[in-house]
Amino acid sequence: MKYQPQKIEKKWQKVWAKNNYKIWHAKDKPSKKHIYILDMFPYPSGEGLHVGHVEGYTASDILSRYYRMKGYDVLHPIGWDAFGLPAENYALKTKKPPQEVVPKNIKRFKEQLQSLGFSYDWQREINTTDPNYYKWTQWIFLQLFKKGLAYEEEVYVNWCPSCKTVLADEEVIDGKCDRCGTPVERKKLKQWVLKITAYADRLLKDLNLIDWPERVKTMQKNWIGRSEGVEIDFKLEDSDKYITVFTTRVDTIYGVTYLVLAPEHPLAAEICAPNYLLEVKKYIDLSLQKTEVERLLNAKEKTGVFTGSYAINPATKERVPIWISDYVLMNYGTGALMAVPAHDERDFDFAQEFHLPIKEVISYDGQIHNEILKPYTGEGILVNSGPFDGTPSEIAREKIALFINARKVVNYKLRDWVFSRQRYWGEPIPIIKCPKCGNVPLDEKDLPLKLPEITKYEPTGQNESPLADISSWVNVTCPRCGGPAKRETNTMPQWAGSSWYYLRYLDPKNKKQLVNPKIEKSWMPVDVYIGGVEHAVLHLLYARFWHKFLYDIGVVSTLEPFHKLINQGIILGEDGEKMSKSRGNVVNPDDIIKEYGADSLRMYEMFMGPLSFSKPWNTKGITGIYRFLNRVWDLIQNAFSQKNKKKDEYKLTPEAKKKLQEDLKEIERLRQKTIKKVTEDIEALHFNTAISALMTYTNALGEIPSEYLKKTYYETLVILLAPFAPHITEEMWHIFLKHKTLVSFEKWPKYNEKLITDNDVIIIAQINGKTKLTFKVRKGENQKIVEEKARKLLKKYLNEKKIKKTIFVADKLVNFVI
RNA sequence: GCCGAUGUGGUGAAAUUGGUAAACACGCGAGGUUUAGGACCUCGUGCCUUCUGGCUUGUGGGUUCGAAUCCCACCAUCGGCACCA
């Protein structure tokens, strides 16, 4: 009988699917031995599943199947992240409403996931666009609102003219929209904002509690961007007003030769001297029109304008000119800075451009330098700094801060999360805008606030969501005063639903609570979370923020949602380039499954290399795995089909008999070794080497006539292979090994460390650290005997030379230094 | 520029408590089987060589009896951030 994956796989998928996948269903209250293994849930796009999904999902499936066989209660759920721009844009493109397109895409994704044999708990399936789900997304928003962490503010926001909506900072890459690549514009708009900055410190600090890849932690650290410094007030000349600046380097205050305000700074126009006003206004207008891309393009060439006004340096009492320039960002620090051109590159460039003085105050060698060709940005000894001359930077910072009465502050690069979108396909924000009462939250009992079905869902581009056009939905009475009011028409961003979905899996049908606290406590946190690195500062940061908030209001019991994070690498096309339609190098999993079967696809992707590496696809490589599965199939089929095969040891020559005895001993050692290797490799997610070990074991089994091998040897292979290739192993277990049970729930074998090592060990014989030969001795053999043996064997190399030193490592090596 | 990761055969890679470098595959070569192709099976396959051995883990140095592995400097590739005061 030939191995026919197409037939076998369908057959076992049907068996597993019985009673809505009951066999994979996790208990609400697990036993102590439990593990929560989570995938980043897919966005059901129109393109269907790609091989990158398959990689991460196979890894988590192997883990889940392994831990089930180990006797764990395993929670391994899946669902759909279906709100947001991609689905809406796809709907617009195909001219069908999202309500129609999204379920179709989900259906296709579900079929694809099932065709791969993933052991998901489908009874816990969730969908972020289901009102029963987003009811709780809206509920979380209301809690944030009640705690003052969701607020409306007129801010400069990123506006994508193509997607016709505002974007969060995290969604802007190099000044361009993350979705469509259009350069974003700056617009001042009133938007809903979530106060993620209130959690900046904890988001940073608690990175120490979690087992995440270093690079993801670093990205989050950089994104949060904490820096300690001081705020200093510079009094304006001839006025009582102050300009407050932020600096991390108060030690350079004697080197301040001018101040700079951001063009958006509220005082920018106000402080301007009358005869400079025209110029200043022109500059401000011009810089506000620039897109972020334009502004960054010529970052090296500084532009700016003098206001004609001066402020007083609180340390030197000197007057310093006040300039305006777009190299100062309004949304960092105070939107104003003290410029120290001698010790800051940007200030240096600006000072050169406008011929402003450059004054050295930090010396790297204690000397004073007449000419400064390059700013020195490091620390050193203060010079030209009055009473602080000779003080090291670090100490000077403390002393000067005290001297001028500066306030210690901590600044973050992290900005509050712009949370409203002017688009249709998202969760409606549950707020009513009343002319009298302001923003009134919806009563919790009125949730979910359903997204109305409409015919015109194209974005308007008028800073409003298409929902604004449905007067029957928009116009309501104020729940507080009963007067006429309107609903908030903006919707939530794509990231809302995914910021807490891992909690809903625990209790997906609960109508009264987001999650039952008892169930939450018994499963959380997520033990292993597998997904792409592209979410490092988006989803993973937002989810941590919401989780910490939910912790504060008592909904969850853990400080962090995801204990261990694994990033799978990107699978590149055969040409080594990123897979893309335009390059024509996309590999479709459906085609591979059709030709080789899901088991081969799963195993190939695991065999390609370490999970976290980016690696190119190689269709030839999959034939290697396919051949392997065929070999396993034939091996086991042959072993159990030739009924008449008999042991005929008596026919063997004494030498052959001896060899057989040794081979049988060796294969038992290898079996033990393989169990150990596969077990440890799965737990460490080293699937590529686990598969190698299985191949080695299979090759060795093939060397020995099956009539001399006990059934256990083949069973071990099938069991160890089961998490990787669930279909073929289920079939072999049933058809060839004649079991009535499912191998998916067979007990994972244990190994015996004692049986792994031989009585004989191989000793490496070296001269001056170079290996010359190896020889066998009994395990634990006496040092003298081993050395003597080595000396004899190495005679021709040693030839009478004096041995200066001998290094002996028990059971490992002898090294003669001559 | 800053931060992070990585560098080993023709290819994907293995070996990380320092102890036989290249496991397991792909590819390639030879042979078998086959009408042929494909599939399958067997053997070989880091480089150089005077066949004795010598060399080899991005480059250069160091520590050590011994380094892919530890330390220092440099180079390259990938990813992230980038006028953040």
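All chains are named by letter (A, B, ...) in the order of the sequence lines, taking the proteins before the strands, and each is independently numbered beginning at 1. When reading the values below, keep in mind they use all heavy atoms of this one structure, side chains included, and skip hydrogens, waters and symmetry mates.
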Atom P, compared across rA21(B) and rG31(B): separation rounded to whole Å: 34 Å

Plane angle bin for F306(A) and W323(A) - parallel if under 30°, tilted between 30 and 60°, otherwise perpendicular: tilted

Sugar-phosphate, base or nothing in reach of I762(A), heavy atoms under 4.0 Å: base

S614(A) side-chain N/O to rG79(B) phosphate OP1/OP2 under 4.0 Å: no

Under-4.0 Å side-chain N/O to phosphate OP1/OP2 contact, N688(A) with rG12(B): no

Sequence-aligned protein contact record of nucleotides 39-45 of chain B, with B where the base is within under 4.0 Å of a protein heavy atom and S where only the sugar-phosphate is: -SS----

Between rU17(B) and rC70(B) - C1' atom distance, rounded Å: 12 Å

Minimum-distance nucleotide to S692(A) side chain [options: rA85(B), rA14(B), rC24(B)]: rC24(B)

Nearest-nucleotide pick for E214(A), side chain only, options being rC65(B), rA85(B), rG4(B): rG4(B)

Test of ring centre spacing under 6.0 Å for Y604(A) and Y596(A): no

Chi-based syn or anti call at rG60(B), which uses purine or pyrimidine torsion atoms and a 90° bound: anti

Aromatic plane relationship, W495(A) with Y542(A) - under 30° parallel, 30 to 60° tilted, over 60° perpendicular: tilted

Nearest to side-chain heavy atoms of F613(A), which nucleotide of rA82(B), rA85(B), rA13(B): rA13(B)

Sugar-phosphate only, base, or nothing, as touched by G333(A) at under 4.0 Å among non-hydrogen atoms: nothing

Touch class at under 4.0 angstrom, heavy-atom based, for V328(A) against every strand present: base

Salt-bridge criterion met for E379(A) and R397(A) (N-O under 4.0 Å): yes

Whole-angstrom distance between rG53(B) and rG62(B), as gauged at atom P: 29 Å

Nearest-nucleotide pick for P616(A), side chain only, options being rA85(B), rG19(B), rG12(B): rG12(B)

Out of rA85(B), rG19(B), rG80(B), whichever nucleotide has its closest atom nearest the side chain of M219(A): rG80(B)

Side chain of W223(A) - closest among rA85(B), rC81(B), rG19(B): rC81(B)

Along RNA chain B (nearest heavy atom to each residue), the more 5'-positioned of A336(A) and V817(A): V817(A)

Touch class at under 4.0 angstrom, heavy-atom based, for F628(A) against every strand present: nothing

Among rC65(B), rA13(B), rA85(B), the nucleotide that comes nearest once only the side chain of I807(A) is considered: rC65(B)

Distance, rounded to the nearest Å, where D174(A) contributes CG and rG79(B) contributes P: 12 Å

Spacing of the C1' atoms in rC51(B) and rG4(B) (rounded, Å): 49 Å

Donor/acceptor link under 3.5 angstrom from E345(A) side chain onto base of rG1(B): no

Interatomic distance, F687(A) CZ vs rG12(B) C1' [rounded to whole Å]: 18 Å

Non-hydrogen atoms of V216(A) and A536(A) that approach each other most closely: CG1-CB, 4.0 Å

Atom of V361(A), atom of G255(A) and distance for their closest heavy-atom approach: CG1-N, 3.4 Å

Touch class at under 4.0 angstrom, heavy-atom based, for N331(A) against every strand present: nothing

Any donor-acceptor pair under 3.5 Å from E574(A) side chain to T619(A) backbone: yes

Salt-bridge contact K784(A)-E787(A) (side-chain N to carboxylate O under 4.0 Å): no

E170(A) and W223(A) side chains, donor-acceptor separation under 3.5 Å: yes

Separation of the C1' atoms in rC47(B) and rA39(B), to the nearest angstrom: 34 Å

First of I764(A) and I173(A) reached from the 5' end of RNA chain B, by closest nucleotide: I764(A)

Nearest-Å distance for atom pair CG/C1', residues N567(A) and rC78(B): 15 Å

Rounded C1' spacing from rU6(B) to rG58(B) in Å: 11 Å

K805(A) vs rC65(B): side-chain N/O to OP1/OP2 distance below 4.0 Å: yes

Options rG19(B), rA85(B), rC26(B), nucleotide nearest the side-chain atoms of K620(A): rC26(B)

Atom pair distance, as rounded to whole Å: NZ in K374(A) and P in rG1(B): 11 Å

Ring geometry between H539(A) and H535(A) (parallel below 30°, tilted from 30 to 60°, perpendicular above 60°): perpendicular

Distance test, side-chain N/O of N618(A) to OP1/OP2 of rA25(B), below 4.0 Å: no

Base rC83(B) to side chain K302(A), donor-acceptor N/O within 3.5 Å cut-off: yes

Span that lies between the C1' atom of rU63(B) and that of rC83(B), in whole angstrom: 44 Å

Minimum-distance nucleotide to T689(A) side chain [options: rA14(B), rG80(B), rC83(B)]: rA14(B)

Any side-chain donor near an acceptor of the partner, Y283(A) and T307(A), under 3.5 Å: no

Spacing of L541(A) atom CG relative to rC81(B) atom P, expressed in whole Å: 13 Å

Interatomic distance, E55(A) CD vs rG12(B) P [rounded to whole Å]: 16 Å

rC3(B) and rU8(B), which share atom name P, separated by this distance in whole Å: 24 Å

Spacing of K812(A) atom NZ relative to rU20(B) atom C1', expressed in whole Å: 12 Å

Distance-only polar pair, side chains of Y3(A) and D634(A), donor-acceptor under 3.5 Å: no

Touch class at under 4.0 angstrom, heavy-atom based, for S227(A) against every strand present: sugar-phosphate

Consecutive-pair stems (3 or more, Watson-Crick or G-U, under 3.5 Å) for RNA chain B: B:1-7 with B:75-81, B:10-12 with B:24-26, B:27-32 with B:40-45, B:46-48 with B:53-55, B:58-62 with B:70-74

Lys/Arg N to Asp/Glu carboxylate O, E55(A) vs K615(A), below 4.0 Å: yes

Touch class at under 4.0 angstrom, heavy-atom based, for P610(A) against every strand present: sugar-phosphate

Euclidean distance, atom NZ of residue K615(A) to atom C1' of rA13(B) [Å, nearest integer]: 11 Å

Passing candidate, side chain to side chain contact (heavy atoms under 4.5 Å, CB included) with L635(A), options N630(A), T698(A), N699(A): T698(A)

